[in-house]
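As structure tokens, the structure follows; a few thoughts come after it.
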2 protein chains.
Amino acid sequence: MSSDRLSNKVRRLRFDNGELTQQQLADRVGVTRQTIIAIEAGKYAPSLPLAFKLARTFGVSIEEVFEYENER
Amino acid sequence: MSSDRLSNKVRRLRFDNGELTQQQLADRVGVTRQTIIAIEAGKYAPSLPLAFKLARTFGVSIEEVFEYENER
DNA sequence: ACGTAATGTAAAGCGTCCTTTACTTTATGT
DNA sequence: ACATAAAGTAAAGGACGCTTTACATTACGT
């Protein structure tokens, strides 16, 4: 329940930060390429630890990577 | 793998914000009391959507609720 | 001291995050 | 046009977040 939406800027940030490939980004944050693909595609939300790793890899805050909308 | 630590200030923020009980906080963010207990006890990390809801309930950023350490 | 609210502990079950494997499609360079 | 790298799709399995139920303990008010 609670229809909420989570979008992210991973794909954009990946290119803003020295043209990282999905595989390279996956290696840096310690997950598989499939996980990066799924997150970029918005198939599911990452865990909080992974969100932290992604944000730090890009040198920004979690709020700058992920946008969460609460439709209440 | 990748021994990382996640701590949080949920319990402290709960008292700073008008003396919320675990049950009241659980209701506001849409989970059960058990989930709040487990998170306060550090038993597991919340999902990213739940982390967003908690942070917004307290009126702060995710980084102000959760502290993540990367031991690399 | 007693009753009630608040917090804590435990365990089974479900859904979702993430992995692993394998194959296909799209882009890039020469 | 061809070879290779990068990105996409799919599906089974494991790990973990979260629920549900039930009971135990601690704090608080009168």
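Every chain is numbered from 1 and lettered A, B, ... according to where its sequence line falls, protein lines coming before strand lines.
We find the CD-CD distance between B:Gln34 and B:Gln22 to be 8.5 Å, quoted to the nearest 0.5 Å. Here CG of B:Leu54 is found 5.5 Å from CD1 of B:Ile36. Values are rounded to the nearest 0.5 Å.
Rounded to an integer number of Å, the gap from CZ of A:Phe15 to C1' of C:dA27 is 11 Å. Distance, B:Phe66 CZ to D:dG17 C1': 13 Å, rounded to whole Å. In this structure, A:Glu19 places its CD atom 14 Å from C1' of D:dA7, rounding to the nearest Å. Nucleotide C:dT16 holds its C1' atom 14 Å from the CG atom of A:Asp4, rounded to whole Å. If you measure from atom CD of A:Gln22 to atom C1' of C:dT25, you get 13 Å, rounded to the nearest angstrom. Computed from coordinates, the A:Gln24 CD to D:dA5 C1' distance equals 11 Å when rounded to whole Å. Computed from coordinates, the A:Glu40 CD to C:dT26 P distance equals 18 Å when rounded to whole Å. The distance from atom CD of B:Gln23 to atom P of C:dT4 is 19 Å, rounded to the nearest whole Å.
B:Gln34 contributes no side-chain N or O that forms a donor-acceptor pair with the base of C:dT7 under 3.5 Å. In this model, a side-chain donor or acceptor of A:Arg33 finds a partner on the base of D:dA7 within 3.5 Å.
If A:Leu20 and B:Leu50 are placed on DNA chain D by their nearest nucleotide, the residue sitting closer to the 5' end is A:Leu20. Heavy-atom distances to DNA chain C give each of B:Ala41 and A:Leu48 a nearest nucleotide, and the one nearer the 5′ end belongs to B:Ala41.
In this model, the phosphate group of D:dA6 is not approached by any side-chain N or O of A:Arg14 to a distance below 4.0 Å at OP1 or OP2. Using a 4.0 Å cut-off, some side-chain N or O of B:Arg11 falls inside it from OP1 or OP2 of C:dG8. Side-chain N/O atoms of B:Thr32 include one lying less than 4.0 angstrom from OP1 or OP2 on D:dT19. Between B:Ser47 and the phosphate of C:dT16, there is no side-chain N or O to OP1/OP2 separation shorter than 4.0 Å.
Between the side chain of B:Asn8 and the backbone N or O of B:Ile39 there is at least one donor-acceptor pair closer than 3.5 Å.
Residue B:Ala45 is classed as a sugar-phosphate contact, given heavy-atom separations below 4.0 Å to backbone atoms only. B:Thr21 comes within 4.0 angstrom of sugar-phosphate atoms only, judged by non-hydrogen atoms across all strands, and of no base.
Nearest nucleotide to the B:Ile37 side chain, out of D:dC18, C:dC18, C:dT9: C:dT9. Among D:dT19, D:dT9, C:dC17, the nucleotide with an atom closest to any side-chain atom of A:Tyr44 is C:dC17.
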Next item on the list: Please step through side-chain contact (heavy atoms from CB on, under 4.5 Å) for the pair B:Ile62 and A:Tyr68, ending with a clear verdict.
Entry: CA-CA 12 Å; B:Ile62 288 182; A:Tyr68 178 73; over 6 Å; no
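Transitive grouping of hydrophobic side chains (ILVMFWY, heavy atoms separated by less than 4.5 Å) keeps A:Ile37 and A:Leu13 in distinct clusters.
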